[in-house]
Amino acid sequence: MWSHLKEKGVELPKITSGGINEKIKPVLSEMEEAGIRIDCDGLSLLEQKLNNRIDKLEKEILKKADCDFNINSPSQMAEVLFKKLKLPVDGLKRTKSGVSTAAQELRKLADQHEIISPILEHRELSKLVSTYLKPLPLLVDENSRLHTHYGLETTTGRLTSFEPNLQNIPIKGKYGMEIRRAFVAAPGMKLIAADYSQVELRVVATLAQDKSMLDAFTSGTDIHAKTASEIFHIPEVEVTHDQRRVAKAVNFGIVYGQTPFGLSQAIGISTEEAVKYIGDYFAVHTGIKEYINEMIAKAHKDGYVETLFGFKRYFPEINGRARYLAESEERMAINTPVQGSAAELLKLAMIKINSKLKTQNSKVETEKLARMILTVHDELVFEVPESRAEEIAKIVEDEMSSVIKLPIPIEVTVGVGDNWAECK
DNA sequence: ACAATGGTCC
DNA sequence: ACTCGGACCATTGTA
């Protein structure tokens, strides 16, 4: 499907998507076995701290509601907010059972009642405690190491992580980094974190042969700033923080098969504005527009699309009468080659790096092994002897950025530290 | 045991 | 009326 890209400078190794999956299985097993060391005391200290705050917030919320109810229950929360306190429901999303109390909706009510702010903070903190701080320490082995399990059964070719899921460890917010600080290197070792920057946008630029995007990545410009200059019709140097934020959402949306409504919801603008931004975007990015049309056409005609390495995803409903299902599958047809090819790049890099590390490790004693211990979609984490950290960081960076030859650079950011948060 | 709701990540 | 890709997991409430 993508063989024509060869003339444009894309060189694929002799491996198929299925071949990659067979080759990565032993790599994943090794990573599962290796695990990652957790500072349980650190987590439990943070848990206590958050629990104290949660207690205070709970008292505050119940007092402001002037009744007793279960804050963790969306239905009871809706009852209190919209029946007892009579907060306005217009413009709020609804669920099957009533008015939504999702954080995104509650934020719209922040000015209406002082109960909203403590509720949002309570939600945030109780999420961190119940999903991460409490369960993770229960799962460590005798060496304080956490062993996730990796799965290969996704519709796009990405990996999954479960029991526990280590691919959704917090990073944003007030406490995200504090939690990542508890993912530590063993004594005498360092962690290395290496991630691809904007790999999905680089992949779609390549698949679509979109001139504007290829130029941006070749010259190393800030891709979101460039998009902002295109949709706001201003010079790149005049782009404001907020314009860049909007442009970033547009770029993300491209990869997702975005609709004006979806974009408007994502960044809180009107659908009219969203229509304008998307229209102006496609006026410049004709390659992307064509890519989208081609994937939709192919999915309708052949019933599937595929990734760079030939992974196929089928769309059984795309020619059916259910419009919603068909449109949903059209968006998947746009996204799957992008997300799936990016996943294949990372898998191939993992296979190559694992082999390289094996060669390197053959010279050292068991205690000084350099191991790949975690993968999070576009990021790899390693635990390596302190003395070899810089040398191995360089190897990882080189292997990741040269994993296959694209017409544009594949940039990699590498960081070394004593814990995951420090690797930036 | 299961669905609904909500939330974390890329 | 409703909507942008891919996952996993905790809690509540119902069956």
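What you see below is based on every heavy atom in this structure, not just the backbone, and it leaves out hydrogens, waters and symmetry mates.
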Examine [N]: is either OP1 or OP2 under 4.0 Å from a nitrogen or oxygen in the side chain of [X]? Give yes or no.
X	N	result
A:Arg158	B:dC10	no
A:Lys96	B:dA4	yes
A:Thr95	B:dA4	no

Roughly, in whole Å, what's the span from [atom1] in [X] to [atom2] in [N]?
X	N	atom1	atom2	value
A:Ile169	B:dT8	CD1	P	13 Å
A:Leu346	B:dC9	CG	P	19 Å
A:Gln76	B:dG6	CD	C1'	15 Å
A:Asn70	B:dA4	CG	P	20 Å
A:Arg123	B:dT5	CZ	P	13 Å
A:Asn168	B:dG6	CG	C1'	13 Å
A:Lys172	B:dT8	NZ	P	8 Å
A:Glu124	B:dC9	CD	C1'	15 Å

query = Do A:Glu344 and A:Ser17 have side-chain atoms, one donor and one acceptor, less than 3.5 Å apart?
reply = yes

Donor on one side chain, acceptor on other, A:Ser264 and A:Thr271, under 3.5 Å = no

message = Would you measure the distance from the P atom in B:dA4 across to the matching atom in C:dC2 and give it in whole Å?
response = 15 Å

Interatomic distance at P, C:dT3 relative to B:dT5, whole Å = 12 Å

message = Please compare A:Pro164 and A:Ser75 by the position of their nearest nucleotide in DNA chain C and report the one closer to 5'.
response = A:Pro164

Pairwise 5' ranking along DNA chain C for A:Phe162 and A:Arg94, keeping only the more 5' one = A:Arg94

ask   = When rounded to the nearest 0.5 angstrom, what is the spacing between CE in A:Met372 and CD1 in A:Ile392?
value = 12.0 Å

task = Can you measure from OH (A:Tyr175) to CG (A:Leu128) and round to the nearest 0.5 angstrom?
result = 9.0 Å

Quick one: do [X] and [Y] make a salt bridge, cutoff under 4.0 Å?
X	Y	value
A:Arg158	A:Glu200	yes
A:Glu60	A:Lys56	no
A:Arg244	A:Asp222	yes

query = Between B:dT5, B:dC10, B:dG7, which nucleotide has the shortest distance from any of its atoms to the side chain of A:Asp378?
reply = B:dC10

Full working for side chain to side chain donor-acceptor pair (under 3.5 Å) between A:Thr160 and A:Gln167 = CA-CA 8 Å; A:Thr160 60; A:Gln167 294 184 326; over 6 Å; no

Scan [X] against the nucleic acid and name what it touches under 4.0 Å (heavy atoms): base, sugar-phosphate only, or nothing.
X	result
A:Ser161	sugar-phosphate
A:Val255	nothing
A:Thr155	sugar-phosphate
A:Glu163	sugar-phosphate
A:Ile334	nothing
A:Thr259	base

Positions of residues 100-112 of chain A (non-hydrogen atom under 4.0 Å from DNA chain B), listed by number = A:Ser100, A:Thr101, A:Ala102, A:Ala103

task = Return the residues of residues 21-37 of chain A meeting this criterion: a heavy atom under 4.0 Å from some atom of DNA chain B. Order them by number, or give none.
result = none

query = How far apart are the C-alpha atoms of A:Arg371 and A:Glu383, what are their side-chain angles, what is the distance that settles it, and do they pass the salt bridge (Lys or Arg N to Asp or Glu O under 4.0 Å) test?
reply = CA-CA 5 Å; A:Arg371 292 181 298 188; A:Glu383 186 181 46; 3.6 Å; yes

Sole candidate of A:Leu136, A:Leu43, A:Asp39 that passes side chain to side chain contact (heavy atoms under 4.5 Å, CB included) when paired with A:Phe183 = A:Leu136

query = Taking any atom under 4.0 angstrom from a heavy atom of chain A, which nucleotides of DNA chain C are the first and last to qualify, 5' to 3'?
reply = C:dT3 to C:dG13

request  = Classify the angle between the aromatic ring planes of A:His285 and A:Tyr281 as parallel (below 30°), tilted (30 to 60°) or perpendicular (above 60°).
outcome  = parallel

request  = For the pair A:Phe162 and A:His149, name the ring-plane relationship: parallel under 30°, tilted 30 to 60°, perpendicular over 60°.
outcome  = parallel

message = Let's go through A:Thr101 and A:Arg123 carefully: what are the C-alpha distance in whole Å and the side-chain angles of both, what is the deciding distance for side chain to side chain donor-acceptor pair (under 3.5 Å) to 0.1 Å, and is it a yes or a no?
response = CA-CA 11 Å; A:Thr101 68; A:Arg123 277 265 178 82; 3.0 Å; yes

